[in-house]
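Heads up, the thing below is written out as structure tokens.
Both ligands and their constituent atoms are indexed starting at 1 by order of listing.
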Amino acid sequence: MPHLPTLRLGSQGPNVKKLKMNLNGLSKNYNNFVIDNIFDRKTEDVVKNYQDDIKLPRDGIVGPATWASLIKRVKLIQAKLDSLGYHAGSPDGWFSQTTTDAVKRFQRDHRLVQEGVVNPRTRVSLFAPHSADNFERRPSSTALSSLDPYVASLAGKFLRLARANNLDVHITNGFRSWDESDRLYAQGRTTPGPKVSNARGGDSYHNWGLAFDAAPFENNKISNDQTKYIRMGHLGEQVGLEWGGTFKSIVDLPHYQYTFGLTTEDLQNGKRPPR
Ligand SMILES: [Zn+2]
């Protein structure tokens with residue numbers, strides 16, 4: 001790998017453009033930054049969230065570790081496309097026009113939207129085309145049975161503990177269908193309304209049965225009492241769940257998850273929780 005400069009807010013030049021092409025090709029461009037030579041605030045936000053995903057410090061600065069991770073991910077895609085007969089260029093780690101065109105041809109042949117970006121559905125088709133578990137086509141559900149069995153057992157424990165603490169807690173979202181996530185992602189981008197989500201179908205742990213949302217009820221209605229959400233959050237953490245109230249990017253008080261150390265990209269690549 002040639003020496004690459006450290007890039008940060010305010011950096012300019014062709015390496016910034018390469019950075020942006022890689023982030024965009026890897027489907028990280030949720031805020032629609034322009035692919036040019038300028039490292040702006042939107043680029044920094046995307047870099048920070050990418051660093052969260054790969055468990056690096058969220059500093060928004062593209063140094064050797066962030067570069068290495070990006071280049072490795074792009075190389076894997078290029079090598080996979082090449083192995084399937086889609087000429088993506090030599091696997092050099094740059095999401096070039098040649099690579100983009102190869103992705104589009106792959107998407108055309110697999111009846112995917114031809115956007116030239118390795119979005120979650122494209123990643124599944126590339127790296128895990130024969131998964132029998134069919135997460136992409138499951139319906140949304142609030143039932144515990146829609147969740148991974150271990151996550152469901154933690155959720156059950158959590159609900160009992162909440163009841164023992166005089167909190168009437170109900171699950172408001174369990175498994176979320178990929179189509180529903182895609183609709184939420186489209187809102188404020190290609191359909192009317194305010195933006196409500198940065199996660200496409202496959203990008204959320206809800207899409208893999210590893211997350212649920214829960215709310216306290218009062219008189220059979222969802223309560224807005226913050227203190228109850230916070231008490232619940234601590235109970236969720238007690239049973240071993242990760243609580244959205246501790247998230248660094250967007251604090252998500254009703255959200256609970258258990259990831260087995262897997263990223264959503266790992267899941268798209270075909271990795272699964274241990275049984
Ligand atoms: Zn959630």
With the Zn ion (ligand 1) as the point of reference, which N/O/S atom of His255 is the closest? ND1
The Zn ion (ligand 1) reached by Asp252 (N, O or S, under 2.8 Å): no
Answer yes or no for Arg189 and Tyr185: cation-pi contact, defined as NZ/CZ to six-membered ring centre under 6.0 Å and angle to ring axis within 45°. yes
Where the Zn ion (ligand 1) is the centre, what is the NE2-to-OD1 angle for His206 and Asp213, rounded to 10°? 100°
So, applying ring pair (Phe, Tyr, Trp, His ring centres under 6.0 Å) with Tyr256, which one of Tyr229, Phe158, Tyr205 is it? Phe158
Exactly one of Thr100, Thr99, Asp101 clears side chain to side chain donor-acceptor pair (under 3.5 Å) with Gln97, and that residue is Asp101
Does the gap between the ring centers of Phe247 and His255 come in under 6.0 Å? yes
